[in-house]
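If you're wondering where the values come from, they're calculated on a predicted model, not measured in any experiment. Atom set for the values below is all heavy atoms of this structure, side chains included, hydrogens, waters and symmetry mates excluded.
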Amino acid sequence: MKNKITTREIVLSGLLLASGILLPMVFHMFSLTGPIALPMHIPVLIGGFLLSPQLALLLGIMTPIISGLLTGMPVMFPMSIIMAFELGTYGLVIAIATRKFKLSIIPSLIIAMISGRIIAGLTVAALVQLFAVKMNPVMFVKGAIITGIPGIIIQLIFIPSLIYALKAYLKKTSANA
């Protein structure tokens with residue numbers, strides 16, 4: 001893995017971060033709820049495929065926190081914190097799965113989604129212990145999965161084709177540069 005972060009990766013990170021803040025706002029404008037469609041997850045999952053592991057992790061952590069600060073969605077405590085751990089895990093796991101283990105898109109997505117939800121449950125458990133947050137970690141994860149089934153299906157269908165198209169485009173533009 002390379003250690004040098006390129007200007008292209010920084011710009012791409014900024015675009016994905018902005019998308020992670022704007023996409024949920026668009027969904028809410030059309031009365032589509034975030035917990036069902038999971039719009040904030042999409043740019044972070046895409047970032048896992050296109051960014052270095054460090055930037056993908058950072059994108060996943062920053063997106064819900066900055067969105068919570070700027071828009072109030074998600075609520076800062078505890079949801080932004082839980083989502084920062086969950087989405088950070090998504091980005092990191094996909095970046096490692098595709099780079100180090102050379103996994104294809106669908107297995108990487110599935111492993112990241114499972115890992116992220118496990119980390120979300122562990123985060124809820126930690127918040128219960130540290131701050132007496134009134135949540136049940138197992139019920140939280142179960143509810144997130146059941147409620148998020150439409151979003152998970154959208155991610156498993158939409159993201160692979162988008163990644164193939166983006167990688168082809170980025171390869172083409174870097175060849176022309």
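- Contact of the Val128 side chain with the Lys134 side chain is not registered, since no non-hydrogen atoms from C-beta on lie closer than 4.5 Å.
- Asn136 and Val124 get closest at one heavy-atom pair: C-CG1, 4.3 Å.
- With contacts defined as side-chain heavy-atom distances shorter than 4.5 Å, the pair Ile10/Thr7 does not qualify.
- Shown here for Pro160 and Gln155, the closest heavy-atom pair between the two residues is CD-O, 3.5 Å.
- Nearest heavy atoms, Ile82 versus Thr123: CA-CG2, 3.9 Å.
- From Leu45, atom CG reaches atom CG of Leu38 across 9.0 Å, with rounding to the nearest 0.5 Å.
- Side-chain contact between Arg117 and Tyr90 is present, with heavy atoms from C-beta onward closer than 4.5 Å.
- In this structure a side-chain-to-backbone donor-acceptor pair under 3.5 Å is missing from Thr63 to Leu17.
- Of all the heavy atoms in Ala56 and Gly47, the pair that sits closest is CB-O, 3.9 Å.
- Here the closest heavy-atom approach between residue Ser108 and residue Leu103 is recorded as OG-CB, 3.4 Å.
- Taking the side chain as every heavy atom from C-beta outward, Leu23 and Pro43 approach each other to under 4.5 Å.
- With Pro64 as reference, Met83 is the one residue of Met83, Glu86, His41 to meet the side chain to side chain contact (heavy atoms under 4.5 Å, CB included) rule.
- Side chains of Leu16 and Val44 form no contact here, defined as non-hydrogen atoms less than 4.5 Å apart.
- Applying the 4.5 Å side-chain rule to ILVMFWY residues, one finds that Met139 remains a lone member of its cluster.
- Without hydrogens or angle criteria, Glu9 side chain to Ser52 main chain gives a donor-acceptor distance under 3.5 Å.
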